[in-house]
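Single-structure report; data block below.
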Amino acid sequence: MASTETVHDVEVTHPDKELWRGVTKTDLAHYYDDVADVMLPHLRDRPVSMQRFPDGIGGHGFYEKRIPAHFPEWVDRVTVPTADGEQEQVVVSNARSLVYLAQQACVTPHVWLSRRRHLHQPDLLVVDLDPSGRDLPALRRATRLVGELLDGLGLVPFLRTTGSRGYHVTVPLRPEAGFDEVRAVAAEAADLLVEREPGLFTRAARVADRGDLVYLDVLRNGYGQTVVAPYAPRARPGAPVSTPLEWEELSSVEPDGYDLARVRRRLAQRADPWAGLRRRARGLGRARERLAAMRS
DNA sequence: GATCCGC
DNA sequence: GCGGATCAACGCATT
DNA sequence: AATGCG
Ligand SMILES: [Mn+2]
Ligand SMILES: [Mn+2]
């Protein structure tokens, strides 16, 4: 019985430790190694926050933003300004670093919406749909309405499961406007939807005030805020994965519909639906104009 | 998961 | 050398 | 300033 395993030149200690029921550290390391080709383009140049569960998802978990001193020099990093100074965070630039995150029991990497060259200008806009209840048809209709509105604003919305309870709609941007401007546009779009469909959407900050409506979270669009990385597993039973989808799949794939094994199979059979996302980047100018017109 | 401290 | 304690986020909105 | 939230 070897007490360590080697995956992509990374020593995996406690290789048989279960992070999820039936899913070991070695399994996670191989998953990361296998999906690296599709995952890395979405991680490239983005500061990462690591959500770690050294004793498995049933144990104590924590977020880690600062890169620990013991990380090897071949794990890339970036220094980012914070409210009181600056700090160094991980950047996942290659498959080996991703496998190293598995060794660290990082079950879910979270990434910034901006990249190192323009830390203050996001190249993604995200509308995070958080259902309060269990009405899946309503959640799907809500998600489709978000996509249609953003499309109507001249933007190109992309869809993914969160691996948890909701979906994300993601729009690629040219990194020009600051976070506050991007968030303001997202908030105005969300408010418009609440106005149109008050029985479906809410923007109430307090959970208790949301009833069973779908919460439109646009606060992800902030400096230093993160979203779960595409193809990241989640710390939930069954090792569900946040999975990019074609819009046509919205009606057939549930928010936690893909797990580690299913994503492997999916990617062996078809390309990443988000592969062309960067080429769809737009500025916010036209969207602002159309939004103003719709509101009047 | 990794490090540090005390025994 | 081993067991135990300790540490590992933060920006934005609301009140 | 403190709390809630993701
Ligand atoms: Mn431990
Ligand atoms: Mn969400």
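Note that the structure is a prediction, hence the values are computed from the model and not measured.
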Nearest-Å distance for atom pair [atom1]/[atom2], residues [X] and [N]:
X      : N      : atom1 : atom2 : value
A/K17  : B/dG1  : NZ    : C1'   : 8 Å
A/N221 : C/dA13 : CG    : P     : 11 Å
A/R210 : D/dC5  : CZ    : P     : 7 Å
A/D217 : C/dT14 : CG    : P     : 12 Å
A/Q104 : B/dA2  : CD    : C1'   : 8 Å
A/Q89  : C/dA8  : CD    : P     : 14 Å
A/E64  : C/dT6  : CD    : P     : 18 Å
A/H60  : B/dA2  : NE2   : C1'   : 14 Å

* **Electrostatic pair A/R203-A/D191, nearest N-O below 4.0 angstrom** =>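 A salt bridge links A/R203 with A/D191.
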
* Does the distance from a Lys or Arg side-chain N to an Asp or Glu carboxylate O, for A/E88 and A/R66, drop under 4.0 Å? ->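 No salt bridge links A/E88 with A/R66.
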
Are [X] and [N] close enough that a side-chain N or O sits under 4.0 Å from OP1 or OP2?
X      : N      : value
A/K25  : B/dG1  : yes
A/Q103 : B/dA2  : yes
A/Q87  : C/dC10 : yes
A/R220 : C/dC10 : no
A/R183 : C/dG11 : no
A/R66  : C/dA9  : yes
A/Q225 : C/dC12 : no

What's the closest nucleotide to the [X] side chain, out of [options]?
X     : options               : answer
A/H70 : C/dC12, B/dT3, D/dG6  : B/dT3
A/P54 : B/dG1, C/dA13, C/dT15 : B/dG1
A/K65 : C/dC10, C/dA8, B/dG1  : C/dC10

* Among A/R46, A/R116, A/R280, salt bridge (Lys or Arg N to Asp or Glu O under 4.0 Å) partner for A/D123 ->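 Answer to the salt bridge (Lys or Arg N to Asp or Glu O under 4.0 Å) test with A/D123 among A/R46, A/R116, A/R280: A/R46.
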
* Any chance you could measure A/H110, atom NE2, to A/T108, atom OG1, to the nearest 0.5 Å? =>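 The distance works out to 5.0 Å.
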
* Sugar-phosphate, base or nothing in reach of A/A69, heavy atoms under 4.0 Å ->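 Nothing, no nucleic acid heavy atom in range.
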
* Name the nucleic acid region contacted by A/F62, choosing base, sugar-phosphate or nothing; use a 4.0 angstrom heavy-atom cut-off, strictly under. =>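 Counting heavy atoms under 4.0 Å across all strands, the contact made by A/F62 includes a base.
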
* **Over-ring placement of A/R96 relative to A/W74, 6.0 Å and 45° cut-offs** =>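 Yes.
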
* Quick one: does NZ or CZ of A/R160 land under 6.0 Å from the six-membered ring centre of A/Y167, within 45 degrees of the ring axis? ->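 No, A/R160 and A/Y167 do not form such a contact.
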
* P-based separation of B/dT3 from C/dA9 [nearest Å] ->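 Taking atom P in both C/dA9 and B/dT3, they lie 16 Å apart.
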
* Mind checking the P distance from B/dC5 to C/dA8? Whole angstroms is fine. ->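 After rounding to an integer number of Å, I get 16 Å for this pair.
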
